[in-house]
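Keep in mind that what you see is a predicted model, and the values were worked out from it rather than measured.
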Amino acid sequence: MVCLVWPLIWVGGLVTTYDAGMAVPDWPGTYGYNLFLYPYQTWMFGPFNLFIEHGHRLLGAIVGIFAIGAVALAWMHEPRRWVRWLSVIVLVAVIGQGLLGGMRVVLGDRTLAMVHGCTGPLFFVLCVSLAAVTGRWWWSVEKGGGDRIASSPGTAEPLPWRRSLAVLCIAYLQLVVGAQLRHAQPAGSPTGFSHLVTTHVAGAFVLLGLVFWTAWRMGCGSGSDPEGKPVSRAKARCGDLTLSRPAWLLVGLVSLQIVLGLGTWIANYGIPVFAQVGPTTASYLVKSKAVTESLITTAHMAMGSLILAMSALIALRLARHLQHTSHCGGSVRIHES
């Protein structure tokens, strides 16, 4: 299901980029047809805005079917009650997303479109969380697949749980601010828009610094195992690098997101005056709905959801390690370098 949700977010982003949200004026059907019975010739070979809007609905319905299957499997085979209820929450969330999308069409409300864009990444986080807690790695920690971390004062550094939560919160706030910029209201003031842009840019670099700091603290330094043999901090944290690798991957994603953000600004507003270094850049022309520019803008939006989901995955794995450590004590001591 996780593998379907990110493409769903991508297609939803294309719907906004191409202003295709009202390409199909009715809901839950499509021009009077049942969603799944709409003629594929018209959908596949018709106008592009109809293609992505109807495709977004179809993909959302498929994700909903998978969510129903996840609930059924969880209640039949999952021994943990809280995980069973998490699967129900995922199903309720995808139904809520569908209702928000439908209300946006029926009411023609741009604000609902913005809310829909802000809650979609949260649904992605729920799906990633469900996949993480039901995955093989989660159980391998219980069986000793991951190294245990000591928590003795003065001899061990605690896992950056609070820092990971800060990363998660800032990543989501960035999404909210970005959604306000993307769904800017016609009555909004230029000054307010400028403040949002400044906040969004500053938040991006704060997030990059915090993510880099978190990854560095998890990957540097040294420690010792129960036999006194030296090990790297990454090895001490988790023998299979299930914490440090996602953390460094997150650094790369945030860095790429900043580059995509610059590309999005250029695609929508042109090259800033201070960055114009010659006649080629000075003559750059903004082309409405151009393919390359639209893909860059949509990629910037979708990357934000991926960053949020990766932040949630790291926070969950940190929580799992801390939970295991509190139950069985630590066998690896991590020392400052």
[atom1] of [X] to [atom2] of [Y]: how many Å apart, nearest 0.5 Å?
{"X": "Tyr269", "Y": "Thr264", "atom1": "OH", "atom2": "OG1", "value": "10.0 Å"}
{"X": "Leu165", "Y": "Ile170", "atom1": "CG", "atom2": "CD1", "value": "11.0 Å"}
{"X": "Thr16", "Y": "His56", "atom1": "OG1", "atom2": "NE2", "value": "8.0 Å"}
{"X": "Thr134", "Y": "Arg84", "atom1": "OG1", "atom2": "CZ", "value": "13.5 Å"}
{"X": "Leu181", "Y": "Met301", "atom1": "CG", "atom2": "CE", "value": "14.0 Å"}
{"X": "Ile296", "Y": "Met303", "atom1": "CD1", "atom2": "CE", "value": "12.0 Å"}

[X], [Y]: one ILVMFWY side-chain cluster at the under-4.5 Å cut-off?
{"X": "Leu168", "Y": "Val254", "value": "no"}
{"X": "Phe48", "Y": "Trp43", "value": "yes"}
{"X": "Ile9", "Y": "Met310", "value": "yes"}
{"X": "Val211", "Y": "Leu316", "value": "yes"}
{"X": "Leu207", "Y": "Leu306", "value": "yes"}

**Request:** Step through the shown structure and confirm whether more than 12 heavy atoms of other residues, nucleotides or ligands are within 6.0 Å of CH2 on Trp213.
**Result:**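 Open: at most 12 neighbouring heavy atoms sit under 6.0 Å from CH2 of Trp213.
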
**Asked** Near Tyr33 OH, under 6.0 Å, is it more than 12 heavy atoms from other residues, nucleotides or ligands?
**Response**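 Atom OH in Tyr33 is not crowded, with 12 or fewer foreign heavy atoms closer than 6.0 Å.
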
**All ring-ring contact (aromatic ring centres under 6.0 Å, His included) counterparts of Phe212, not counting sequence neighbours** =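 Only Trp248 meet the ring-ring contact (aromatic ring centres under 6.0 Å, His included) criterion with Phe212.
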
**Prompt:** What do the steps show when you test Leu126 against Leu86 for side-chain contact (heavy atoms from CB on, under 4.5 Å), and what is the final call?
**Reply:** CA-CA 8 Å; Leu126 284 174; Leu86 178 60; 4.2 Å; yes

Kindly give the heavy-atom pair with the smallest separation between [X] and [Y], and that separation in Å.
{"X": "Val125", "Y": "Ala312", "answer": "CG1-CB, 3.6 Å"}
{"X": "Ala302", "Y": "Trp6", "answer": "O-NE1, 3.0 Å"}
{"X": "Tyr38", "Y": "Leu50", "answer": "OH-CD2, 3.6 Å"}

Report yes if some heavy atom in the side chain of [X] is under 4.5 Å from a heavy atom in the side chain of [Y]; otherwise report no.
{"X": "Val83", "Y": "Leu130", "value": "yes"}
{"X": "Val71", "Y": "Val90", "value": "no"}
{"X": "Cys118", "Y": "Leu175", "value": "no"}
{"X": "Phe124", "Y": "Val2", "value": "yes"}
{"X": "Met1", "Y": "Leu4", "value": "no"}
{"X": "Ser255", "Y": "Leu208", "value": "yes"}
{"X": "Arg104", "Y": "Met22", "value": "yes"}
{"X": "Ser311", "Y": "Leu250", "value": "yes"}

**Request:** Keeping to residues at least two apart or across chains, list the side-chain hydrogen bond (donor to acceptor under 3.5 Å, both in side chains) pairs with something in residues 19-31.
**Result:**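 Matches after skipping sequence neighbours: Asp19-Lys289, Thr30-His54.
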
**Request:** Show your reasoning for whether side-chain contact (heavy atoms from CB on, under 4.5 Å) applies to Val105 and Arg57.
**Result:** CA-CA 12 Å; Val105 171; Arg57 295 185 181 191; 3.7 Å; yes

**Prompt:** Do the side-chain N and O atoms of Thr298 and Thr17 include a donor-acceptor pair separated by under 3.5 angstrom?
**Reply:**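 Present: a donor and an acceptor within the cut-off.
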
Backbone of [Y] reached by a side-chain donor or acceptor of [X] within 3.5 Å:
{"X": "Gln180", "Y": "Leu196", "answer": "no"}
{"X": "Glu293", "Y": "Asn268", "answer": "no"}
{"X": "Arg320", "Y": "Trp138", "answer": "yes"}

**Prompt:** Which is it for Phe66 and Val94 under the side-chain contact (heavy atoms from CB on, under 4.5 Å) test, yes or no, and what are the steps along the way?
**Reply:** CA-CA 10 Å; Phe66 272 83; Val94 72; over 6 Å; no

**Worked check of side-chain contact (heavy atoms from CB on, under 4.5 Å) between Leu73 and Glu78** = CA-CA 7 Å; Leu73 289 173; Glu78 176 57 56; over 6 Å; no

